[in-house]
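Have a look at the structure below, then the notes.
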Protein chains: 2
Amino acid sequence: MATIRDVSKLAGVSVATVSRVLNRSGYVHEETERKVLRAIKELSYTPNFVARSLSNKKTSTIGLMVPDITNPFFPELARAVEDVMQLYGYTTILGNSDESVEKEKQYVEVLKQRYIDGVILASTALTADEVHKFGVPVVVLDRALTSDTIPMVTSKNREGAREATRFLLAQGCRKIAHLRGPAQLLNADERCQGYLDIVEQTDWFHPGLVVAGNYEMKQATDATLALLKKYPDIDGIFAGNDMMAIGALRAAQILGISIPDKLAIVGYDGITMGEVVYPELTTMAQPIYDMGALAARMLIKMIEKQPLDTLYYELDVQLIERGTTRKV
Amino acid sequence: MATIRDVSKLAGVSVATVSRVLNRSGYVHEETERKVLRAIKELSYTPNFVARSLSNKKTSTIGLMVPDITNPFFPELARAVEDVMQLYGYTTILGNSDESVEKEKQYVEVLKQRYIDGVILASTALTADEVHKFGVPVVVLDRALTSDTIPMVTSKNREGAREATRFLLAQGCRKIAHLRGPAQLLNADERCQGYLDIVEQTDWFHPGLVVAGNYEMKQATDATLALLKKYPDIDGIFAGNDMMAIGALRAAQILGISIPDKLAIVGYDGITMGEVVYPELTTMAQPIYDMGALAARMLIKMIEKQPLDTLYYELDVQLIERGTTRKV
DNA sequence: CTGTTAGCGCGTTCAA
DNA sequence: TTGAACGCGCTAACAG
């Protein structure tokens with residue numbers, strides 16, 4: 001690998017000059033620039049990022065922490081982040097935290113040793129304080145922590161949940177249950193709240209219609225089986241995420257309940273899996289890709305010290321009507 | 001951030017000595033070591049990887065190139081790679097190539113600038129020659145290129161396809177079709193070959209039973225719709241991957257063909273999506289996680305200049321019987 | 001406009 | 001067993 005020194009010799013100039021044309025910093029005579037460029041081409045020189053990083057303290061590398069890339073919500077997010085980063089000349093390091101606060105902190109430490117420029121935390125369980133201590137630019141994605149100083153992007157969980165529930169009502173459902181997500185997660189709370197906003201005042205509502213879940217399919221299947229056994233007159237289910245909605249669908253299929261005629265189901269997320277089940281899942285879709293891309297853009301701005309016009313983005317969600325609800 | 005110099009001052013020794021205890025290289029008096037360790041702790045010093053990399057030419061970072069992390073086969077692979085890398089103190093950079101040879105090459109160049117230690121290429125379209133030119137350790141995963149000098153891990157595609165087809169036969173299927181993968185991919189060829197090995201000599205076989213596909217669901221649905229219309233007596237389908245198998249299942253559902261009674265389906269891969277459809281997909285499962293983990297281990301060995309006992313691993317596949325085939 | 005030189009933080013001879 | 005000093009490749013003053 002040729003170095004900047006080789007180039008400077010071949011071009012008959014100093015390394016500083018080469019550095020200048022490389023970084024478009026400072027003045028360089030046109031003629032000189034041409035010579036340098038020619039030398040660069042001839043040696044097929046490419047600057048060494050590590051050396052540059054050492055003096056710069058900038059690596060053009062960011063970290064993306066997800067709970068588990070295997071969880072169907074995150075690949076699309078990761079894709080979006082990577083796409084944008086790539087576009088701006090950044091490289092992205094992937095980390096799985098398994099929802100463990102410890103692993104997450106530890107990972108960030110490792111990344112800091114490597115002079116990482118910034119971090120995107122998807123679905124973190126960290127507190128705002130802990131995040132501040134990192135000392136590197138951070139954007140938080142999805143399951144937000146509560147803070148008005150940390151840049152964040154989410155979707156309109158509560159409003160989306162309301163809309164989904166209203167939709168079920170409009171479909172003619174007269175007893176709607178909710179499979180809620182894990183208690184520690186803010187977004188699970190918000191979605192549950194949205195559901196309650198709509199149904200709490202109805203004459204048929206009672207707390208037994210809200211069932212605890214963990215965002216996973218298997219558990220949701222079992223829970224739904226039990227739920228439908230106890231309350232056979234339930235004719236609508238709003239699930240806190242798509243995986244649980246699919247779990248509910250599975251339960252209905254096991255019980256031979258016809259979907260969507262006897263039971264309508266609406267999920268939340270808009271992951272691809274909703275399209276492979278049959279009937280296909282009606283869902284309140286988050287703009288997953290957009291969320292990732294936006295977070296990436298925000299982070300880049302922070303890294304490059306540009307001002308953020310908004311610190312907190314709450315993106316719109318959109319109902320996608322498919323087979324698990326009736327056409328109206 | 002404290003530097004090695006700060007530590008050396010506090011401990012009253014030279015930076016060389018600190019370096020020695022840090023890397024367990026050379027002799028250090030026990031007493032001296034204690035002093036150094038104490039200073040390190042006191043300053044909560046942690047070595048700067050970038051500086052270390054510059055003199056080392058080693059970054060403890062590897063690149064993982066996948067066609068698209070959004071494709072359900074790859075998250076599990078990525079997870080495995082990341083887990084192992086993490087375990088050995090490496091960090092992994094994720095890249096999506098979109099199957100483009102150009103993007104892939106370009107990405108590797110970027111990574112080389114960053115002194116990446118090695119690369120795992122999942123499903124590459126590069127030739128052996130091109131890979132050699134990289135000049136960094138490489139392990140190729142999944143859709144192998146043909147070369148006996150590049151370390152590689154795959155699964156027993158041909159044998160697995162045979163077994164899957166035989167299984168369908170044993171189920172009593174009397175006319176089995178095959179949805180094959182893209183022509184450029186070696187593994188698609190191998191799986192198709194395996195299918196042919198079994199059925200070519202039967203009296204019912206004819207080339208019309210092999211249908212071209214692209215490993216995607218939508219196209220497989222359409223293809224299957226057409227296929228079943230043309231040959232209504234098909235009672236078994238072996239798909240080149242799970243997504244196409246799910247597409248076939250969807251086609252059957254649309255046509256109201258009862259699965260598995262009238263039509264049995266077997267996929268290939270063992271991705272999680274096979275478990276969310278109903279009936280659940282019978283599939284010839286690859287040990288995806290193991291493949292990723294193995295590739296990661298191989299790469300680490302190469303990086304650390306340890307000898308590889310085997311250059312080419314072909315892991316066993318395993319039939320997972322689920323709902324799209326009858327119980328025998 | 002251009003060159004010299006001092007860091008960036010750490011590893012590694014080479015002497016002592 | 002320890003320390004001084006140079007090199008890794010590049011950026012950024014500071015002089016000219």
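In this text the structure is predicted, and so the values were computed from the model without any measurement. Chain A is the first sequence line, chain B the second, and so forth, proteins listed ahead of strands; every chain is numbered from 1.
One axis for each end of the helix from C:dC1-D:dG16 to C:dA16-D:dT1, each built from five base pairs, and the angle between them comes to 40° at 10° resolution.
Annotation: the span from A:Asn157 atom CG to A:Glu314 atom CD amounts to 7.0 Å, rounded to 0.5 Å. With rounding to the nearest 0.5 angstrom, the CG atom of A:Leu94 is 8.5 Å from the CE atom of A:Met65.
Put simply, chain B comes within 4.0 Å of DNA chain D, heavy atom to any atom, from D:dT1 to D:dG9, going 5' to 3'.
Taking side-chain N and O atoms only, B:Arg52 has no distance below 4.0 Å to OP1 or OP2 of C:dG9. The phosphate of C:dG3 has neither OP1 nor OP2 within less than 4.0 Å of any side-chain N or O from A:Tyr27. The phosphate of C:dC8 (OP1 or OP2) has no side-chain N or O of B:Asn48 nearer than 4.0 angstrom. Considering only side-chain N and O atoms, B:Lys58 lies nowhere under 4.0 angstrom from the phosphate OP1 or OP2 of C:dG11.
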Could you give the side-chain donor-acceptor pairs of residues 32-46 of chain A under 3.5 Å, partners two or more places apart or in another chain?
{"unit_1": "A:Arg34", "atom_1": "NH2", "unit_2": "A:Glu31", "atom_2": "OE1", "d": "2.8"}
{"unit_1": "A:Thr46", "atom_1": "OG1", "unit_2": "B:Gln113", "atom_2": "NE2", "d": "3.4"}

Expected list for residues 297-309 of chain B: side-chain donor-acceptor pairs under 3.5 angstrom, two or more places apart:
{"unit_1": "B:Glu304", "atom_1": "OE2", "unit_2": "B:Tyr90", "atom_2": "OH", "d": "3.0"}

Quiz: residues 21-28 of chain B side-chain donor-acceptor pairs under 3.5 angstrom, not counting sequence neighbours:
{"unit_1": "B:Asn23", "atom_1": "ND2", "unit_2": "B:Ser19", "atom_2": "O", "d": "2.9"}
{"unit_1": "B:Asn23", "atom_1": "ND2", "unit_2": "B:Ser19", "atom_2": "OG", "d": "3.3"}

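For A:Asn56, the side chain to side chain donor-acceptor pair (under 3.5 Å) test picks out no residue, with sequence neighbours left out. With sequence neighbours excluded, the residues that form a salt bridge (charged side-chain N to carboxylate O under 4.0 Å, His left out) with A:Arg79 are A:Asp83, B:Asp68, B:Asp98. Under the rule for a salt bridge (charged side-chain N to carboxylate O under 4.0 Å, His left out), the partners of B:Lys105 that lie at least two apart in sequence or sit in another chain are B:Glu102, B:Glu130. A:Asp290 pairs by the salt bridge (charged side-chain N to carboxylate O under 4.0 Å, His left out) definition with nothing, not counting sequence neighbours.
For residues 7-17 of chain B, the side chain to side chain donor-acceptor pair (under 3.5 Å) pairs, not counting sequence neighbours, are B:Ser14-B:Thr17.
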Between B:Asp269 and B:Tyr215, does the side-chain hydrogen bond (donor to acceptor under 3.5 Å, both in side chains) criterion hold? Intermediate values first, please. CA-CA 11 Å; B:Asp269 272 352; B:Tyr215 276 164; over 6 Å; no
Kindly indicate, with the supporting measurements, whether the criterion side-chain hydrogen bond (donor to acceptor under 3.5 Å, both in side chains) is fulfilled by B:Lys58 and B:Tyr115. CA-CA 7 Å; B:Lys58 184 173 187 309; B:Tyr115 277 7; over 6 Å; no
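Contacts between residues 30-43 of chain A and DNA chain D, defined by a heavy-atom separation under 4.0 Å, are absent. Within residues 2-17 of chain A, the residues that have a heavy atom under 4.0 Å from DNA chain D are, in order of number, A:Thr3, A:Ile4, A:Ala16.
At whole-Å resolution of the value, CG in B:Asn56 and C1' in C:dG9 are 12 Å apart. The CG-P distance, from A:Leu54 to C:dC8, rounds to 9 Å in whole Å. Between the NE2 atom of A:His29 and the P atom of C:dG3 there is a distance of 12 Å, rounded to whole Å.
In this structure, B:Asn214 contributes its side chain and B:Pro182 its backbone to no donor-acceptor pair below 3.5 Å.
Within the nucleic acid shown, A:Phe49 has no heavy atom closer than 4.0 Å to any nucleic acid atom.
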